Q: 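After the structure tokens below, expect a handful of questions from me.
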Number of protein chains: 2
Amino acid sequence: MLSKKTKYGIKALTFLAGQVDNEPVQIAEIAKHENISQKFLESILLSMRRTGFLSSKKGKGGGYYLIKRPSEIQMTEVIRVLEGPIAMIPCVSLNFYEKCDDCPDENKCSVHKLMISVRDSALQVYRNTTLDDLIS
Amino acid sequence: MLSKKTKYGIKALTFLAGQVDNEPVQIAEIAKHENISQKFLESILLSMRRTGFLSSKKGKGGGYYLIKRPSEIQMTEVIRVLEGPIAMIPCVSLNFYEKCDDCPDENKCSVHKLMISVRDSALQVYRNTTLDDLIS
DNA sequence: CTATTACCCTATAGATTTAATAGAGTAAAC
DNA sequence: GTTTACTCTATTAAATCTATAGGGTAATAG
């Protein structure tokens, strides 16, 4: 299940990508336009600012704006920041690997085998999709 | 994230598929061999019995056994029974569709667009994988 | 300089889901 | 008719997700 955090985050990015001249947009405006709890959105935008997708400007006329071109923002990065691992199980995660404590040998594990295929197919989608692809 | 329920369920199915002559196996034996809480496994096996993957035999010498050939058990079915929707968001689910209450038009929604691609790629994997593929 | 605007940060609480446990009940086999 | 092993309901503990509250701080305009 995709978390609301990720859902809202992608919607906010899309909204920012659609601005003319990449003008800063206030949190309140994004929240209203996308039907998102403003306070919740605040924390989401903040975490994306920290990872370098966007930046913010304080004071009057301030707000959030993208610091990369939409075509340069890959979904792999977005998902990993907002949702966490792309893999459905830690033992097949490339960036968040963890051993299963109930599994003596993961090379013989049927779940492991299946989840590698699922992870690879998801990765292929996320790698080939940029923010730009989601606008048009 | 894949739930333990699904993980355990697939492991149990794999274990049963590996039995000679498809002899019934007791819950306790599966639980021990796969490091699963016995009571939890009970409920998992029960739900899979109800959907027709396996059957059970009571009394002495009883247990669970497959009623389909491993090559006839598709992962799409297994995942849907144990995990629920394959889609990561209800508005792109084929079998569990639900409208997003925050989204005025899902055809214009960037998340919707992305999640359709992800769903399709996952479906392709699950449709092309049977229990038999996970054994060898 | 100062008032306003709008981002920044921490803490917390309610709701939901997941995972596991307990215990009594029932059907089949020998 | 006793044993074995599946069946079913209820409950609980833990974790996670979503949202809210509220004070703090930096930048800008005039």
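Computed from a predicted structure; not experimentally measured. Residue numbers start from 1 in every chain, and the chains themselves are labelled A, B, ... in the order their sequence lines are given, proteins ahead of strands.
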Q: If two hydrophobic side chains count as joined below 4.5 Å and joins carry through other members, does Val92(A) share a cluster with Ile86(B)?
A: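 Yes.
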
Q: Write down the protein N/O and nucleotide N/O pairs, taken from nucleotides 24-30 of chain C, whose separation is under 3.5 Å; answer none if there are no such pairs.
A:
residue, atom, partner, partner atom, Å
dA27(C), O4', Lys58(B), NZ, 3.1

Q: Between the side chains of Glu42(B) and Lys39(B), is the shortest nitrogen-to-carboxylate-oxygen separation below 4.0 Å, so that they form an ion pair?
A: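 Yes, this pair counts.
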
Q: Under 4.0 Å from OP1 or OP2 of dA19(C): is there any side-chain N or O of Ser37(B) that close?
A: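 False: Ser37(B) side-chain N/O out of range (4.0 Å or more) of dA19(C) OP1/OP2.
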
Q: Can you tell me how far P of dT7(D) sits from CG of Leu41(B), to the nearest Å?
A: 12 Å

Q: Look at Tyr8(A) and dA19(D) and indicate whether a side-chain polar atom (N or O) is within less than 4.0 Å of OP1 or OP2.
A: yes

Q: Whole angstroms only, please: what is the CD-P distance between Gln38(A) and dT18(D)?
A: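 Nearest whole value for this atom pair: 19 Å.
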
Q: Starting from Ile36(B), can I reach Phe53(B) by hopping between I/L/V/M/F/W/Y residues whose side chains sit under 4.5 Å apart?
A: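 Looking at the clustering, Ile36(B) is in the same group as Phe53(B).
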
Q: Looking at Ser43(A), does any N or O in its side chain come under 4.0 Å of the phosphate oxygens OP1/OP2 on dC8(C)?
A: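 No, because none of the side-chain N or O atoms of Ser43(A) sits under 4.0 Å from OP1 or OP2 of dC8(C).
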
Q: How long is the line joining CD1 of Ile27(B) and P of dC8(D), in whole Å?
A: 12 Å

Q: Can you tell me how far P of dC8(D) sits from CG of Leu45(B), to the nearest Å?
A: 13 Å

Q: Could you state the NZ-C1' distance from Lys4(B) to dT18(C), rounded to the nearest angstrom?
A: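 For the pair Lys4(B) NZ and dT18(C) C1', the rounded distance is 10 Å.
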
Q: How long is the gap from CG on Asp102(A) to NZ on Lys7(B), to the nearest 0.5 Å?
A: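 Rounded to the nearest 0.5 Å, the CG-NZ separation comes out at 3.5 Å.
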
Q: Please say yes or no: joined through hydrophobic side-chain contacts below 4.5 Å, possibly via intermediate residues, are Val125(A) and Leu123(A) part of one cluster?
A: yes

Q: Are Tyr8(B) and Tyr65(B) connected, step by step, through hydrophobic side chains (Ile, Leu, Val, Met, Phe, Trp, Tyr) whose heavy atoms are closer than 4.5 Å?
A: no

Q: Rounded to the nearest angstrom, tell me the gap between atom CD in Glu29(B) and atom C1' in dC6(D).
A: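 That distance rounds to 15 Å.
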
Q: Between dT18(C) atom P and Leu82(B) atom CG, what is the distance in whole Å?
A: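 After rounding, the reported distance stands at 12 Å.
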
Q: Looking only at side-chain N and O atoms, does Arg49(B) come under 4.0 Å of OP1 or OP2 in dA5(D)?
A: no

Q: Starting at CD of Glu29(A), measure out to CD of Gln38(A) and round the result to the nearest 0.5 Å.
A: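 If I round to the nearest 0.5 Å, the distance is 11.0 Å.
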
Q: So does Tyr65(B) get a side-chain nitrogen or oxygen closer than 4.0 Å to the phosphate oxygens (OP1/OP2) of dC6(D)?
A: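 No, Tyr65(B) has no side-chain N/O under 4.0 Å of OP1/OP2 on dC6(D).
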
Q: Calculate the interatomic distance between Phe40(A) atom CZ and dG14(C) atom C1'; express it in whole Å.
A: 14 Å

